[in-house]
Amino acid sequence: MPELPEVETVARGLQKSVAGRRILSVTLRKTDFIDDPAALERELPGRRIARVERFGKFMLLQLASQQGLSEPREAAAATVSEALLVHLGMTGNLSLHFANQPLAKHTHVTLVLDDGRELRYIDPRRFGRMAYLSGETLATELTRFGADPLLVSEEEFAKRISGSRARIKALLLDQSVLRGVGNIYADESLWAACIHPAKSGARLQPQEASRLRKELQKILRQAIRMRGSTIIDFVDAEGLPGDYQQRHKVYGREGKNCFRCGARIKRMMVAGRSSHYCPSCQRAGRGIAGPGKKTKRKSRARTSKK
DNA sequence: CTCGATCCCTGGACGC
DNA sequence: TGCGTCCAGGGATCGA
């Protein structure tokens, strides 16, 4: 499940391999995860990819300005006003293939490049998102997101966390608070900072908030160094899996012993997400918000829709 | 403002 | 072997 470190890994790989390449043509298959499929077919062919960057859990394939069609040396420096936004969702992957390699199942978008290769978007579940955005629309879209967790200052972080009574886990997952943190790294950083996932953000002590930011950044940086976590099938732009799952302290370790105190790792639902924590290291205390009970999902009888 | 519930989607695990 | 059921979860949306 691609979160900040996984997306960063893919973006770095693509920056190396496709920056400067021109898109010759676009083939779309399933398009229900694309904002405006026609816009991709209309705007991308003939355009050069200036650079690839991560923005939260998105990848931004920035397009060189139209004018610079003839070898724009300034491509990388040009102002970003047009980009292809790619969100990998749960199972998405954007990777480079030779044109003669067979199409993997669930390949929904193919960008044919000018060097005989293709950028392919593969996503079984289609929880991802793709959109061509430009100008004001692009700028507006990006302002919906909060601070980058790797760049956020201690003051800014404290302000964003302590200003809300929502549970800290929910705040970490909220992309308008911080952009890029998902379920794995939220759980890992809360464990590292000894904070219960259901504790209210407003009730974190200043030193707790400070420690949480520090641990979160440390974990994200380390995870990037290890090319992210591969739980089921994540691979980077070159098809390599990540290694950080070997460092997970709580995620996926329910019932196992805490590496710090030996207690049994528990799991509870917080903010609708499965949350792994050590009941001994991460004390509930009085700062706990909400019901915090394990919510059993009742089987929904889906009415056959037409 | 914050919450849970529901929906989107498919593959994999599991029970029978 | 095969079918049904449950589960995973990022994000949007809706009602409480």
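To find a chain, count down the sequence lines: A is the first, B the second, and so on, and within it residues start at 1.
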Nucleotide [N], atom [atom2] - distance to [atom1] of [X] in whole Å:
X       : N      : atom1 : atom2 : value
M269(A) : dC6(C) : CE    : C1'   : 13 Å
R125(A) : dC9(B) : CZ    : P     : 12 Å
L173(A) : dG9(C) : CG    : P     : 10 Å
L88(A)  : dC9(B) : CG    : C1'   : 16 Å

Tell me whether the OP1 or OP2 atom of [N] has a side-chain N or O from [X] closer than 4.0 Å.
X       : N       : value
R126(A) : dC8(B)  : no
S164(A) : dT2(B)  : yes
Y251(A) : dG9(C)  : yes
K57(A)  : dG11(C) : yes
Q175(A) : dG10(C) : no

Would you check if [X] and [Y] make a side-chain contact, meaning some heavy-atom pair closer than 4.5 Å?
X       : Y       : value
H108(A) : I122(A) : no
Y121(A) : F33(A)  : yes
L88(A)  : D123(A) : no

Return the polar atom pairs (N/O with N/O) between nucleotides 12-16 of chain C and the protein under 3.5 Å, or none.
{"residue": "dA12(C)", "atom": "OP1", "partner": "R144(A)", "partner atom": "NH2", "Å": "2.9"}

Problem set entry | Ring-on-base stacking dG10(C) with F127(A) (under 5.5 Å, under 30°) |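 So F127(A) counts as stacking on the base.
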Problem set entry | Heavy atoms from other residues, nucleotides or ligands near CD of Q207(A) exceed 12 (cutoff 6.0 Å) | yes
Exercise. Does atom CZ of R264(A) have more than 12 heavy-atom neighbours, drawn from other residues, nucleotides or ligands, at distances under 6.0 Å?
Worked result: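 No.
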For this session: Each residue besides L103(A) in its hydrophobic cluster should be listed here, by chain and number; the cluster joins Ile, Leu, Val, Met, Phe, Trp and Tyr at side-chain heavy-atom distances under 4.5 Å.
Result: none
Exercise. Taking ILVMFWY side chains as joined if any heavy atoms are under 4.5 angstrom apart, and letting links pass through other members, which residues group with L24(A)?
Worked result: V112(A)
Exercise. What residues form a salt bridge (Lys or Arg N to Asp or Glu O under 4.0 Å) with E156(A), not counting sequence neighbours?
Worked result: R160(A)
Problem set entry | Listed once per pair and sorted, the salt bridge (Lys or Arg N to Asp or Glu O under 4.0 Å) pairs that draw on residues 185-194 of chain A, sequence neighbours left out | K169(A)-D187(A)
Nearest to the [X] side chain among [options], which nucleotide is it?
X       : options                   : result
P124(A) : dG11(B), dG10(C), dG11(C) : dG11(B)
R167(A) : dG9(C), dA8(C), dG4(B)    : dG4(B)
N183(A) : dT10(B), dG10(C), dC9(B)  : dG10(C)
H106(A) : dG11(B), dG10(C), dG4(B)  : dG11(B)
K105(A) : dG11(B), dG10(C), dC3(B)  : dG11(B)

Exercise. If an axis is fit to five pairs at each end of the helix from dT2(B)-dA16(C) to dC16(B)-dG2(C), what is the angle between the two, to the nearest 10°?
Worked result: 50°
